[in-house]
Peer 1: 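Sending over a structure as C-alpha cells; questions will come in a sec.
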Amino acid sequence: MKSNLLKYKNTLLSFILLLLFSGCGDMFDNPLKDKETGEDINLLIVDLNIFTTPMTYKVIDVASNEQITEEARVWFTGTNAGDIVTFAGEKESEFLTSQGQLELTVDPYVPFSESSPLDFTVHVEVDGYQTFTQNIQVNIEGTKTYELYLSPVSGGDEETLNGEDSGDSFIFSVFGVTKSASVGKDYKVNYKILKEDLINFKDASGQTLFGSVEELEAAAKASPTGFIQLTFDIKTGFPAATDKVLENGSEKVALFQRLEIGDLVRLTVGGRTVKDLNGGKISQSCTYTGTTAPDLFGFASTIGDAWSISAVTVEHYNLNLSYILASASIDDICGIGGTLNFSSNSKTSFSIDADIYNSAGQLIKTTNFKGTFPQSITLENVPNTAATIVFRDNNPAFKAIASLEVDNLCSGSYNVDVEAEDGYVEYLIVLKAFCSGEPTIALAPTYSAEIRIKDSGDPWQGIYMKGGVVDILAKANEDYEIRFLWQENWEHDEFSTDFDANGNYLNSSTSNITSETMDDGRIKILIEHLFEQDVCDDLNW
C-alpha cells in the first residue's frame, strides 16, 4: 500500500507543478508569489478524481431503520480486502466509526471487471448487535452505497411457543411472518425437547426440575395450559442482498436474505425458569411452506467468507440459543444489468435511495443512485427478473419520483425523470478545504457530502462533489448546514443562500465565503473551510 500511496502523492505533485510552471514565464521566479502583488499565495492541492470507486457504508438498525451511532468496528476479509482504502490512500486493519457511516474507496491502481470482479467481505461489530457479515463483488467503477442492516440482540418481537405433549417429548412450532408486503407465512420453525432431557434441566436455584419422567408427566397433566414455554426475541424485515453462499461445497454469488434472526429469551416449565440444560438439549428444525421453495433454505452460518445454509436439525446444549434463518437464490444473478437514465429539469447533484421488489411484491434489493443530472447508471448484481423500483421520498429537494416498472433487471434501458421541488433554486458550490495549521495547503475534495436547512431536522440531502465542485438545489434565503466525513468524524460548515441583487454574499460566517453570479444566471458560492481534524497529518503532509 505504501507504493500506491507514493503514486498518489507523485501524481498530485506532478499536477501541482504543471499548474505552477505552465503558461506564465514570470512565475518561474517564485511560483508561491502573486505575480502582481508579490504576496504569498496558497499552494492548492487539487483532488484529481483518481479514486474512481468511492464507497459509502451505512450501518443501520434493522428494527428502527435508523443509522447506528454507537461505535462500530468495521473490517474486511477476502481476495481484495487490502484494496479498500481511506481517501488518504491508507489501508487499515480495521475502521472505527460512531457516525453510522464510513467513507472509503478502492485503490485506483487495482483493475476489476465483470469477469474479474473486486471480491471482499465486510464485517461489522457493534455492542448490543449481532455481528454482521456480507460479501461484496464490484464489477464496474462508480460511486457505491452499501446499507448494512444489523440486528439488535434484543428488542425484536417476542414470540412465546407452547409445548405440546407428543409422548416421549414436547414439541413447539410457529409460522414465521416477514415484514415485507404480501410475503405471508412461508416457513416454519420447530423445536423438540425430550422428556428424558427435560427432567435434568435446572432452575435458578440449581435444582433439577423433576425427579423422574413420571413426575414430569403428572405435573404436566395437572396444569396443561402453558406448562412448558419457549420465548424468543425475533427480528425480521431484512432486505435481500447479493452475497456469497456455498452450494455443494462450491462458492457462488446469490441473492441472499436473512428471513429472521432469533434469540432465546427464556424457557419456563411449570412456572419455573430454566437456567441450565444440565446435559440435556433442545432440537431445532425448519421447513419451507411456501409454494416455490428457494434454491437454498435453512439455518445459516459463515464458513470463511461464504454462507452455509442447511435445513438439517440443529441441537442446542445450552440456553445461548441464537440462529439465523435464511434463503438464497443462486440462479441468474447478473454482474452487470440494465441501465437507468436519470434526467431532471434542474442541473444538480443527486443521491436517490430505492428499493427493488419482484413481481410477488418481495423486497429483493436496496440500492442508491448517485450522480449529476443527466446521468446514466448501470445496475449491478441483480437477479434476472422483472421488478418494480420504488424510489424513497427522502430527498427534500425533489418531488416524489414515480415507481419504475422494469421488464428485466439484467437488460434494457429505462428513463427516470426527477423534478425539483417547488421553491428550490440551483446553485454551484466550490469548496476549498484548508488543513488545520497548514495555511499553504488546501484540498479540493472529491467526496460524498450532505446538506440540509440549518436546525430543520429535514433528511440530509446527499450530494457528490468532484474536485470540490458540486451543483446543488437549495431554498433561497435560508441558512444551510453542509457536512462530509473525514476518517471517523463529520466535518461541518454552514452557508447561506441570501444574496443581494448582484449575487453578492450577505451573511457573516466563521468560514471565508464569497459568491458571484455566473453567465448562466446561477450563483456560485465559494467556501474556504478550515478542517477541524488533522487532515494533513492523515495524508502525511
Peer 1: Ring centres of Tyr57 and Tyr146 under 6.0 Å apart?
Peer 2: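 Yes.
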Peer 1: Kindly say whether Gly156 contributes a backbone atom to a donor-acceptor pair with the side chain of Asp233 at under 3.5 angstrom?
Peer 2: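 It does hold such a pair.
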Peer 1: Does Asn135 reach the main-chain N or O of Phe120 with its side chain, forming a donor-acceptor pair under 3.5 Å?
Peer 2: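 A pair under 3.5 Å: yes.
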Peer 1: Is a salt bridge present between Glu481 and Lys454, judged by a nitrogen-to-oxygen distance below 4.0 Å?
Peer 2: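 Result for this pair is no, no salt bridge flagged.
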Peer 1: Going by atom types only, do Thr348 and Ser346 share a side-chain donor-acceptor pair under 3.5 Å?
Peer 2: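 Ser346 and Thr348 do not have a side-chain donor-acceptor pair below 3.5 Å.
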Peer 1: Pair Leu404, Leu340 - check side-chain contact (heavy atoms from CB on, under 4.5 Å), show working.
Peer 2: CA-CA 10 Å; Leu404 180 67; Leu340 272 59; 4.0 Å; yes
Peer 1: Run the salt bridge (charged side-chain N to carboxylate O under 4.0 Å, His left out) check on Glu147 and Arg392 step by step: do they pass?
Peer 2: CA-CA 14 Å; Glu147 295 183 337; Arg392 299 180 196 168; 3.1 Å; yes
Peer 1: Glu90 versus Glu92: any side-chain heavy-atom pair under 4.5 Å?
Peer 2: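 They are in side-chain contact.
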Peer 1: Identify the heavy atoms of Ile140 and Val138 that sit nearest to each other, and give their distance.
Peer 2: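 Minimum heavy-atom contact is O-CG1, 3.5 Å.
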Peer 1: Sorted by first residue and then second, give each salt bridge (charged side-chain N to carboxylate O under 4.0 Å, His left out) pair with at least one member in residues 94-106; sequence neighbours left out.
Peer 2: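 Residue pairs passing salt bridge (charged side-chain N to carboxylate O under 4.0 Å, His left out), neighbours aside: Arg73-Glu94.
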Peer 1: Going by distance alone, is a donor N or O of one side chain under 3.5 Å from an acceptor N or O of the other, for Ser413 and Asn341?
Peer 2: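 Looking only at side-chain atoms, Asn341 and Ser413 do form a donor-acceptor pair, the distance falling under 3.5 Å.
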Peer 1: Are the side chain of Ser310 and the backbone of Val312 linked by a donor-acceptor contact shorter than 3.5 Å?
Peer 2: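 Checking the backbone N and O of Val312 against the side chain of Ser310, a donor-acceptor pair under 3.5 Å is found.
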Peer 1: Keeping the roles fixed (side chain from Arg452, backbone from Asp458), state whether a donor-acceptor pair exists under 3.5 Å.
Peer 2: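 A pair under 3.5 Å: yes.
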Peer 1: Which residues pass the salt bridge (charged side-chain N to carboxylate O under 4.0 Å, His left out) test with Lys365, sequence neighbours left out?
Peer 2: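 Applying salt bridge (charged side-chain N to carboxylate O under 4.0 Å, His left out) to Lys365 gives none.
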Peer 1: Counting C-beta onward and ignoring hydrogens, is there a side-chain heavy-atom pair between Thr52 and Thr105 closer than 4.5 Å?
Peer 2: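 SC-SC contact between Thr52 and Thr105 ruled out.
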Peer 1: What are the two closest heavy atoms between Ile309 and Ala326, and how far apart are they?
Peer 2: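 Scanning both residues, the minimum pair turns out to be CG2-O, 3.8 Å.
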Peer 1: Does a side-chain heavy-atom distance below 4.5 Å link Cys286 with Leu325?
Peer 2: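 Contact flag for Cys286/Leu325 side chains = yes.
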Peer 1: Roughly how far, to the nearest 0.5 Å, is the NE2 atom of His529 from the NE2 atom of His492?
Peer 2: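 Nearest 0.5 Å value for the NE2-NE2 distance: 9.5 Å.
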Peer 1: Keeping Thr302 on the side-chain end and Asp305 on the backbone end, is there a donor-acceptor pair under 3.5 Å?
Peer 2: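 Side chain of Thr302 to backbone of Asp305: no pair is present.
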Peer 1: Between Thr236 (side chain only) and Glu260 (backbone N and O only), is there a donor and an acceptor less than 3.5 Å apart?
Peer 2: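 No, because the side chain of Thr236 does not come within donor-acceptor range (under 3.5 Å) of the backbone of Glu260.
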Peer 1: Do the side chains of Glu247 and Lys252 get close enough for a salt bridge, i.e. N-O under 4.0 angstrom?
Peer 2: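 Yes, this pair counts.
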Peer 1: Could you walk me through whether Ile377 and Thr339 satisfy the side-chain contact (heavy atoms from CB on, under 4.5 Å) test, starting with their C-alpha distance in whole Å, then the side-chain angles of each, then the deciding distance to 0.1 Å, before giving a yes or no?
Peer 2: CA-CA 6 Å; Ile377 299 176; Thr339 300; over 6 Å; no
Peer 1: State whether the side chain of Gln257 and the backbone N or O of Phe238 hold a donor-acceptor pair below 3.5 Å, judged by distance alone.
Peer 2: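 Present.
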Peer 1: Just how far is it from atom CE of Met465 to atom CD1 of Ile429, taken to the nearest 0.5 Å?
Peer 2: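 Those atoms lie 7.0 Å apart.
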Peer 1: Kindly say whether the aromatic ring centers of Phe87 and Phe51 come within a distance under 6.0 Å.
Peer 2: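 Between Phe51 and Phe87, which both carry aromatic rings, the centre distance is below 6.0 Å.
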Peer 1: Would you say the ring centers of Phe256 and Trp307 fall short of 6.0 Å from each other?
Peer 2: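 Yes - the distance between ring centres of Phe256 and Trp307 falls below the 6.0 Å cut-off.
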Peer 1: Kindly say whether the aromatic ring centers of Phe350 and Phe369 come within a distance under 6.0 Å.
Peer 2: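 Not under 6.0 Å, so no.
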Peer 1: When rounded to the nearest 0.5 angstrom, what is the spacing between CD1 in Ile261 and CD1 in Ile324?
Peer 2: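 CD1 of Ile324 is found 4.5 Å from CD1 of Ile261.
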Peer 1: To the nearest 0.5 Å, how far apart are CZ in Phe132 and CG in Leu148?
Peer 2: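 Taking CZ in Phe132 and CG in Leu148, the distance rounds to 4.5 Å.
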Peer 1: What residues, two or more places apart in sequence or in another chain, satisfy ring pair (Phe, Tyr, Trp, His ring centres under 6.0 Å) together with Tyr480?
Peer 2: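 Counting only residues at least two positions away or on another chain, Tyr480 forms a ring pair (Phe, Tyr, Trp, His ring centres under 6.0 Å) with Phe495.
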Peer 1: According to the salt bridge (charged side-chain N to carboxylate O under 4.0 Å, His left out) rule, which pairs have a member within residues 108-120, sequence neighbours left out?
Peer 2: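 Sorted result for residues 108-120: Asp119-Lys244.
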Peer 1: Would Thr56 and Lys370 satisfy side-chain contact (heavy atoms from CB on, under 4.5 Å), going step by step from the backbone distance to the final call?
Peer 2: CA-CA 11 Å; Thr56 298; Lys370 190 174 292 182; 3.8 Å; yes
Peer 1: Tell me if a side-chain donor or acceptor on Glu380 pairs with a main-chain N or O of Asn139 at a distance below 3.5 Å.
Peer 2: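 A pair under 3.5 Å: yes.
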Peer 1: Are Ile84 and Leu118 side-chain neighbours, meaning at least one heavy-atom pair lies under 4.5 Å?
Peer 2: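 Touching, per the 4.5 Å side-chain cut-off.
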Peer 1: Are the side chain of Lys58 and the backbone of Gly100 linked by a donor-acceptor contact shorter than 3.5 Å?
Peer 2: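 No, the answer is negative, given that no donor and acceptor are paired below the 3.5 Å cut-off.
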Peer 1: Please determine, by modelled atom types, if Thr131 and His123 share a side-chain donor-acceptor pair under 3.5 angstrom.
Peer 2: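 No, because no side-chain N or O of Thr131 sits under 3.5 Å from a partner of the opposite role on His123.
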Peer 1: Can you find a pair of side-chain heavy atoms, one from Leu259 and one from Phe297, that are under 4.5 Å apart?
Peer 2: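 Result yes, sub-4.5 Å side-chain heavy-atom pair found.
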Peer 1: Between the side chains of Asp355 and Thr366, is a donor N or O closer than 3.5 angstrom to an acceptor N or O?
Peer 2: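 There is no such pair between these side chains.
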Peer 1: I need the Ile333 CD1 to Asn381 CG distance, nearest 0.5 Å.
Peer 2: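 Between atom CD1 of Ile333 and atom CG of Asn381 there are 8.0 Å.
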Peer 1: Between Asn358 and Thr385, does any side-chain donor sit less than 3.5 Å from a side-chain acceptor?
Peer 2: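 Absent: no donor and acceptor within the cut-off.
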Peer 1: With sequence neighbours left out, write down each residue that passes ring pair (Phe, Tyr, Trp, His ring centres under 6.0 Å) with Tyr427, or none if nothing qualifies.
Peer 2: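 Result, ring pair (Phe, Tyr, Trp, His ring centres under 6.0 Å) vs Tyr427: Phe499.
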Peer 1: Assess the side chains of Thr372 and Asp471: does a donor N or O sit below 3.5 Å from an acceptor N or O?
Peer 2: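 No - no donor-acceptor pair under 3.5 Å links their side chains.
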Peer 1: At their closest point, which heavy atom of Leu526 faces which heavy atom of Ser515, and how far apart are they?
Peer 2: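 For Leu526 versus Ser515, the nearest heavy atoms are CD1-CA, 4.1 Å.
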Peer 1: With side-chain contact (heavy atoms from CB on, under 4.5 Å) as the test, would you mind laying out the steps for Val74 and Leu102 before giving the verdict?
Peer 2: CA-CA 9 Å; Val74 182; Leu102 272 177; 3.7 Å; yes
Peer 1: Which atoms form the tightest heavy-atom contact between Ser403 and Thr388, and what is the distance?
Peer 2: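 Smallest interatomic distance, heavy atoms only, reads CB-CG2, 4.1 Å.
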Peer 1: Between Val122 and Ile136, is there a side-chain heavy-atom distance shorter than 4.5 Å?
Peer 2: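 Heavy-atom side-chain distance check passes, below 4.5 Å.
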Peer 1: At their closest point, which heavy atom of Leu473 faces which heavy atom of Ala420, and how far apart are they?
Peer 2: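 Looks like CD1-CB, 3.7 Å.
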Peer 1: Indicate the atoms forming the closest heavy-atom contact of Ser351 with Asn395, along with that distance.
Peer 2: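 Smallest heavy-atom distance, with atoms named: O-ND2, 3.3 Å.
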Peer 1: Just how far is it from atom CG of Leu264 to atom CD of Gln284, taken to the nearest 0.5 Å?
Peer 2: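 Going from the CG atom of Leu264 to the CD atom of Gln284 covers 9.5 Å.
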Peer 1: For Val153, check side chain to side chain contact (heavy atoms under 4.5 Å, CB included) against everything at least two apart and list the hits.
Peer 2: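 Scan of Val153 (side chain to side chain contact (heavy atoms under 4.5 Å, CB included), adjacent residues dropped) gives none.
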Peer 1: Short question: side chain of Ser329, backbone of Leu255 - any donor-acceptor pair under 3.5 Å?
Peer 2: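 Side chain of Ser329 to backbone of Leu255: no pair is present.
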Peer 1: Determine whether Gln101 and Gln67 make a side-chain contact, defined as any pair of heavy atoms from C-beta on separated by less than 4.5 Å.
Peer 2: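 A side-chain contact under 4.5 Å exists here.
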Peer 1: Examine the side chains of Asn368 and Asp353 and answer whether a donor and an acceptor come within less than 3.5 Å of each other.
Peer 2: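 Asp353 and Asn368 do have a side-chain donor-acceptor pair below 3.5 Å.
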Peer 1: Is there a donor-acceptor contact under 3.5 Å linking the side chains of Asp263 and Gln130?
Peer 2: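 Per modelled atom types, Asp263 and Gln130 side chains form a pair under 3.5 Å.
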Peer 1: State, with a plain yes or no, whether a side-chain heavy atom of Leu428 is found less than 4.5 Å away from one of Ile523.
Peer 2: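 They are not in side-chain contact.
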